[in-house]
Amino acid sequence: MTNILVTGGAGFIGSNFVPYFLETNQDVHLINIDALTYAGDLKNLTEVESHGRYTFIKGDICDRKLIEKLFEKYDIHGVIHFAAESHVDNSITNPDAFMQTNILGTFNLIDVAKKHWMVSPGLYKEAYKNSRFHHVSTDEVYGTLGKEGLFMETTPYAPNSPYSASKASSDFIVRSYHHTYGMNVVTTNCSNNYGPKQHDEKLIPTIIRKALAGESIPIYGDGSNIRDWLYVLDHCKGIALAYDKGVSGETYNIGGRNERNNLYIAQTVCEILDKKHPRSEGSYKDLITYVKDRAGHDFRYAIDASKIENDLGWEADENFESGIDKTIDWYLNKFIHNNSKSLA
């Protein structure tokens, strides 16, 4: 049995990854550490809470002594690092937490891993010769695009928010541990994720929640900002593939090839809701409202996923239209059928 440490596994992407990885890797025991801040919720992991190969630890990756204890107690042989402060609006109003978690937390993890696995630069202890550190990052480190072009792994970094700056810093820390110490690392940078278990404050859950509550659906600026949308389970499959087969020291961009602007997203969600859960009168589209744009709002992100497709054989199973249909079904179940959360 191989013990792998997952960080931030109660968050959106991590909580989709954990059940998938347990199901597809029968010889793995996952130890999930999560601080359970606003972005993490154990309700996201009810399907694995009693799983025999799963252990949850409430804790902060900034607590180095705790990380050291976990490596010793569970003899960790791999790390898949999701844990991050990731809400851009929050990074603008409270950048401190982003610098702590995303930079110091990443440093703690990779430095403890190095000391646990390695004898000296370039030399792994025999028992850990296959141990790997996988860092999960974002396309936001590349900055913004105009109407043309795609982010590639070779695109220069140009972060524009405190969030993306902190993630860029963490990417560089991981890179440096490969080049300086010869650590077996791999990094994946993804486009915008959507799907089940996403935090209610994010764009698509906000559109659904506000629509069902009959409230104004807020869209920044004129709604023309473009993102490349990636269904979360497709992302999880890409992470698992890169962790298993990726070349040490390499970066792999994971994107859905689904560029859509924010207004299209809102209108599409409203159209599907009109069919699945119609309003008593009018369309949900009537609730769309334009609000003041976010400070430093990047115009467009789009990823070229050719490298992971060609080198590792990954491909997305969902396009945006199929993925958003599944996503809306999940949120209707959460907000309406289960009555598990107030719509307000």
Side-chain angles (χ1 to χ4, degrees), residues 12-13 16-17 82 84 86-89 135-161 163-164 167-168 171 187-199 202-208 219-239 241-242 251-269 272 293-294 296-328:
F12 167 41
I13 301 170
N16 279 278
F17 179 82
F82 293 93
S86 63
H87 198 293
V88 179
D89 285 347
H135 178 56
V136 180
S137 191
T138 171
D139 60 356
E140 294 193 41
V141 297
Y142 299 122
T144 187
L145 290 166
K147 293 184 178 179
E148 302 294 324
L150 298 169
F151 292 136
M152 302 178 71
E153 290 81 0
T154 53
T155 300
Y157 276 33
N160 289 325
S161 70
Y163 161 60
S164 55
K167 288 297 288 185
D171 291 7
T187 297
T188 48
N189 295 75
C190 68
S191 57
N192 273 41
N193 280 220
Y194 69 101
K197 305 181 183 179
Q198 191 165 24
H199 192 274
K202 294 290 191 172
L203 177 65
I204 289 173
T206 293
I207 294 168
I208 299 169
I219 298 296
Y220 282 128
D222 62 2
S224 63
N225 298 76
I226 296 167
R227 300 293 179 262
D228 175 12
W229 291 91
L230 175 65
Y231 189 64
V232 65
L233 186 57
D234 283 330
H235 184 201
C236 293
K237 292 173 181 176
I239 291 166
L241 190 61
T251 294
Y252 297 92
N253 284 348
I254 309 177
R257 299 187 186 274
N258 288 293
E259 289 186 55
R260 305 288 188 277
N261 70 37
N262 290 347
L263 182 58
Y264 174 88
I265 300 292
Q267 290 175 335
T268 300
V269 169
I272 296 171
D293 208 355
R294 174 171 42 199
H297 197 180
D298 290 335
F299 172 66
R300 174 175 168 259
Y301 306 144
I303 269 182
D304 181 347
S306 299
K307 182 176 175 180
I308 193 169
E309 290 169 345
N310 296 334
D311 293 5
L312 304 185
W314 176 86
E315 62 179 337
D317 292 322
E318 307 292 343
N319 59 35
F320 182 76
E321 281 64 35
S322 66
I324 197 65
D325 200 67
K326 293 180 178 181
T327 301
I328 289 172

Rounded to the nearest 0.5 Å, how far apart are [atom1] of [X] and [atom2] of [Y]?
X    : Y    : atom1 : atom2 : result
L312 : K237 : CG    : NZ    : 15.5 Å
E140 : Y301 : CD    : OH    : 3.5 Å
R260 : R227 : CZ    : CZ    : 14.5 Å
I219 : S224 : CD1   : OG    : 11.0 Å
I308 : S306 : CD1   : OG    : 11.0 Å
N262 : N192 : CG    : CG    : 8.5 Å

Evaluate L263 against D222 for side chain to side chain contact (heavy atoms under 4.5 Å, CB included), listing each step before the verdict.
CA-CA 8 Å; L263 182 58; D222 62 2; over 6 Å; no
Just by modelled atom types, is the [Y] backbone N or O under 3.5 Å from a matching donor or acceptor in the [X] side chain?
X    : Y    : value
K167 : V136 : yes
N193 : S191 : yes
T144 : F299 : yes
D234 : L230 : no
N16  : F12  : yes
D228 : N258 : yes

Under the ring pair (Phe, Tyr, Trp, His ring centres under 6.0 Å) test, which residues partner Y231, sequence neighbours left out?
Y194
Hits for ring pair (Phe, Tyr, Trp, His ring centres under 6.0 Å) against H235, two or more places apart or cross-chain, chain-then-number order -> none
What's the shortest heavy-atom distance between [X] and [Y], and which atoms?
X    : Y    : result
T268 : F320 : CG2-CE2, 4.4 Å
G195 : V232 : CA-CG1, 4.1 Å
S137 : V141 : OG-CG1, 4.1 Å
A302 : G149 : CB-O, 4.4 Å

Please test R257 against E315 for salt bridge (Lys or Arg N to Asp or Glu O under 4.0 Å), starting from the C-alpha separation and ending with a verdict.
CA-CA 10 Å; R257 299 187 186 274; E315 62 179 337; over 6 Å; no
So do the side chains of [X] and [Y] get within less than 4.5 Å of each other, counting heavy atoms only?
X    : Y    : result
W229 : I204 : yes
I303 : I254 : no
I239 : F82  : yes

Quick one: which of I324, T327, T206 gives a side-chain contact (heavy atoms from CB on, under 4.5 Å) with V269?
I324
Going by side-chain contact (heavy atoms from CB on, under 4.5 Å), N253 matches just one of L150, D304, N189. Which one?
N189
Please tell me whether D171 and Y157 have a donor and an acceptor in their side chains that are separated by less than 3.5 angstrom.
yes
Would you kindly say whether D325 and S322 are connected by a side-chain donor-acceptor distance under 3.5 Å?
no
Identify whether the distance between the nearest side-chain nitrogen and carboxylate oxygen of E318 and K326 falls below 4.0 Å.
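Looking at K326 together with E318, the answer is yes, because their closest N to O distance falls below 4.0 Å.
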